[in-house]
Amino acid sequence: MDESVNKTLNFIEDIIEEDIRNGKHGGRVHTRFPPEPNGYLHIGHAKSICLNFGLALKYKGKTNLRFDDTNPVTEETEYVESIKQDIQWLGFSWEDREFYASDYFEQLFQFAVQLIKKGKAYVDDLSAEEIAKYKKSPTEAGLESPFRNRNIEENLDLFFKMRDGKFQEGEKVLRAKIDMGSPNMHMRDPILYRILYKPHHRTGTEWCIYPMYDFAHGQSDSIEGITHSICTLEFENHRPLYNWCIENLGIFPSQQIEFARLNLSYTVMSKRKLLQLVRENYVEGWDDPRMPTLCGLRRRGYTPEAIRHFTNLVGIARRDNVIDLALLEFAVREDLNKRATRVMAIFDPLKVILTNYENQIEQLEIENNPEDPEAGKRLVPFGKVLYIEQEDFMENPVDKYFRLTKDGMVRLKGAYIVKCEEIIKDNNGKVIELHCSYIQNSKSGQDQSGLKPKATIHWVEESNAINAELRLYDRLFTVPDPDDQELDFKAFINKDSLVKIKAAKVEPFLKSTKPGNFYQFIRKAYFATDLDSTSENLIFNRTVNLKDSWQKTQDK
RNA sequence: UGACCCAUGGUGUAACGGUAGCACUAGUGAUUUUGGUUCAUUCAGUUAAGGUUCGAAUCCUUAUGGGUCAACCA
């Protein structure tokens with residue numbers, strides 16, 4: 001798929017090309033993707049991953065993977081592995097540059113010492129509550145801590161004692177000495193280090209003081225020689241502090257550039273809310289196919305190509321945005337249309353008996369994908385007893401209904417034209433069986449009948465049909481903006497976001513399918529074989545419906 | 001009520017002082033052994049008011065609307 005959708009440059013590419021023209025950093029481009037290992041990656045992260053790795057690819061630069069692991073309370077190795085797997089699955093490589101902010105703890109400590117020596121940082125004895133109180137509010141200047149003017153020797157002594165575990169958690173912090181009157185709250189003597197007696201997933205119990213984000217991120221960028229440090233808009237107010245640290249330490253000047261994060265309609269994206277959905281069992285796990293997580297989308301049947309294509313389509317800018325879920329669906333349809341093998345599956349079987357057909361099985365050759373001649377053909381068994389969809393027959397057809405009706409004709413895909421002769425009903429009047437005749441000389445590819453039925457429908461031969469479970473997934477929320485409602489977002493969960501069809505009939509070709517394989521179930525939807533699927537118990541997840549202009553006209 | 005940021009069709013994104021374009025969505029038609037695909041086509045936009053300029057979506061001012069910031073989270 002052609003992923004270079006944008007012929008024009010986005011604003012970050014503008015900056016980079018300008019930097020290259022000016023010979024900044026020798027024209028070098030080096031980005032990084034800096035996840036915190038405290039959760040699973042979602043489609044929003046995919047935007048950032050594609051941006052960072054994509055920029056490096058485009059400008060012949062490099063991208064580091066760096067885990068931003070400065071908070072031992074929430075971070076775990078389990079997440080590190082899933083994050084790495086997801087990035088690789090998306091199709092990007094950080095080569096040998098897998099880094100951790102925790103790799104730099106000693107260096108960061110020395111940076112802090114440097115600041116103290118310059119009189120730019122101090123140890124504060126105020127409690128968390130007091131510090132918050134002293135900071136005041138954005139509209140009101142803050143107050144300086146009584147400990148702000150400790151001398152350098154005392155600060156140094158105290159800071160080393162903090163490191164040596166001489167104090168309790170919360171007893172002391174290291175703060176930058178900047179400006180308590182700044183209109184930017186982040187510049188009101190931000191906390192640089194806090195005491196935490198918590199084992200770290202990589203450094204164990206080596207440290208009992210940990211740097212804050214603002215004292216770790218920019219320096220990590222600088223240490224790695226990152227030229228363009230791309231983050232989301234909410235870090236915009238941190239930029240003066242990012243630059244302050246780099247300037248006062250006199251280290252490599254990485255440049256922070258912010259862009260607007262991805263929001264998707266009918267979806268929530270915050271880690272907190274996704275965690276809630278999992279914890280409170282609204283979904284079956286982080287990889288539930290309804291989740292916007294990469295593992296969820298993968299299980300749903302989304303391909304890396306589709307996701308990369310999607311991130312190209314959404315663009316990069318600085319204004320808040322909500323992307324229509326339809327665009328994500330468009331991206332996956334466009335990819336799958338070209339690549340998915342077409343097969344036949346009956347969701348809601350209606351038995352059809354071909355009264356004039358021999359009691360035999362005929363193997364018909366049917367194309368695997370009309371969009372791809374290379375995809376070849378497969379043999380599909382045909383016989384006297386078949387299943388078609390209940391919805392493909394109407395005794396009293398509505399206007400413009402092209403499918404099978406009493407005395408009407410349709411073509412069976414890749415097979416013959418059939419004519420409905422007789423309807424069998426149960427005691428409730430429900431149609432349970434159709435007796436049809438087939439037109440002998442109407443065989444697909446060698447049709448001599450001259451008949452032109454208006455519709456072609458899919459079917460499955462009864463004796464060779466295999467049972468399968470179909471999981472029909474739909475959007476998780478009933479409103480486009482669940483985040484932006486009076487009520488809690490969970491009040492808008494779509495009760496029908498998963499409908500399981502236990503007894504679908506599929507053609508025998510699918511017997512040997514493997515988890516992750518994807519198909520188009522003709523005239524219905526794209527499906528992917530679920531992780532839990534076995535040849536004895538086939539399970540398919542609906543990725544996305546086919547467009548359905550008939551359904552649309554019916555809905556009106 | 002402070003600082004910073006943002007504002008182009010329903011959605012997203014271009015136009016870098018000189019013809020407002022592209023994609024999605026929605027509509028219509030053609031093609032089609034998938035009511036799919038493909039193709040053609042239609043609807044629809046510069047937040048407002050001033051100013052600078054021969055000329056403003058673009059520059060300036062003000063207003064309006066929206067976002068971010070007051071974790072020892074990232």
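Order of the sequence lines sets the chain letters (A, B, ...), proteins ahead of strands, with each chain counted from 1.
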Would you say the side chain of [X] and the base of [N] hold a donor-acceptor pair, judged only by whether the two atoms sit under 3.5 Å apart?
X	N	result
E371(A)	U38(B)	no
D14(A)	C16(B)	yes
T456(A)	U34(B)	no

Would you mind reading off the distance between [X] atom [atom1] and [N] atom [atom2], rounded to a whole angstrom?
X	N	atom1	atom2	value
L192(A)	C72(B)	CG	P	12 Å
E334(A)	G36(B)	CD	C1'	14 Å
E329(A)	G36(B)	CD	C1'	15 Å
L262(A)	U13(B)	CG	P	10 Å
I457(A)	U32(B)	CD1	C1'	17 Å
W459(A)	U33(B)	CH2	P	18 Å

Where the chi angle of A71(B) falls, syn if within 90° of 0 and anti if not: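 With its glycosidic angle within 90° of zero, A71(B) counts as syn.
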
For atom [atom1], what is the distance between [N] and [M], given to the nearest Å?
N	M	atom1	result
U8(B)	A71(B)	C1'	38 Å
U25(B)	U42(B)	C1'	14 Å
C59(B)	A15(B)	P	12 Å
A57(B)	G51(B)	P	15 Å
A26(B)	G36(B)	P	12 Å
G45(B)	U11(B)	P	12 Å
U58(B)	A7(B)	P	12 Å

Using a 4.0 Å heavy-atom cut-off across all strands, classify [X] as base, sugar-phosphate, or nothing.
X	answer
L233(A)	nothing
L126(A)	base
T70(A)	sugar-phosphate
V322(A)	sugar-phosphate
V314(A)	sugar-phosphate
P34(A)	nothing
G142(A)	nothing
E169(A)	nothing
R319(A)	base
F402(A)	base
R342(A)	base
A128(A)	base
R403(A)	base
L196(A)	nothing

Can a side chain N or O of [X] be found less than 4.0 Å away from OP1 or OP2 on [N]?
X	N	answer
R411(A)	U32(B)	no
R194(A)	C73(B)	yes
R523(A)	G35(B)	yes
S265(A)	U11(B)	no

Return the nearest nucleotide to the side chain of [X]; candidates are [options].
X	options	result
Y213(A)	U1(B), A74(B), U33(B)	A74(B)
L313(A)	G2(B), U34(B), A23(B)	A23(B)
M212(A)	A14(B), A71(B), U33(B)	A71(B)
I522(A)	G12(B), U33(B), U34(B)	U34(B)
Y401(A)	G35(B), G2(B), U13(B)	G35(B)
F330(A)	G67(B), C24(B), C72(B)	C24(B)

Between [X] and [Y], is any side-chain donor less than 3.5 angstrom from a side-chain acceptor?
X	Y	value
K271(A)	N38(A)	yes
H217(A)	D68(A)	yes
Q219(A)	S222(A)	no
Y197(A)	E169(A)	no
S442(A)	R411(A)	no
N441(A)	S449(A)	no
N184(A)	S182(A)	no
D221(A)	Y242(A)	yes
Q446(A)	Q448(A)	no

Of E334(A), E374(A), E305(A), the residue whose pairing with R339(A) passes salt bridge (charged side-chain N to carboxylate O under 4.0 Å, His left out):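 Testing R339(A) for a salt bridge (charged side-chain N to carboxylate O under 4.0 Å, His left out) against E334(A), E374(A), E305(A) leaves exactly one candidate, E305(A).
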
Provide the Watson-Crick or G-U wobble partner of [N], both distances under 3.5 Å; none if there is no partner.
N	value
A44(B)	none
C59(B)	G51(B)
G65(B)	C6(B)
U11(B)	A23(B)
A74(B)	none

RNA chain B contacts made by residues 234-241 of chain A, counting heavy atoms under 4.0 Å: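 When residues 234-241 of chain A is checked for heavy atoms under 4.0 Å from RNA chain B, the hits, listed by number, are E234(A), F235(A), E236(A), N237(A), H238(A).
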
RNA chain B-proximal residues of residues 543-554 of chain A, any heavy atom under 4.0 Å: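 By residue number: L546(A), K547(A), D548(A), S549(A), W550(A), K552(A).
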
Charged N-O contact under 4.0 Å between R523(A) and E389(A):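 No, no charged N to carboxylate O under 4.0 Å.
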
Charged N-O contact under 4.0 Å between R148(A) and D189(A):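 A salt bridge is present here (some side-chain N lies under 4.0 Å from a carboxylate O).
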
Mutual orientation of the aromatic rings belonging to Y79(A) and Y40(A) [parallel < 30°, tilted 30-60°, perpendicular > 60°]: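 Rings of Y79(A) and Y40(A): perpendicular, as their planes differ by over 60°.
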
I195(A) vs Y210(A) side-chain heavy atoms within contact, under 4.5 Å: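 I195(A) vs Y210(A): side chains apart.
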
Toward the 5' end of RNA chain B, by each residue's nearest nucleotide, P183(A) or N71(A):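 Its nucleotide being nearer the 5' end, the pick is P183(A).
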
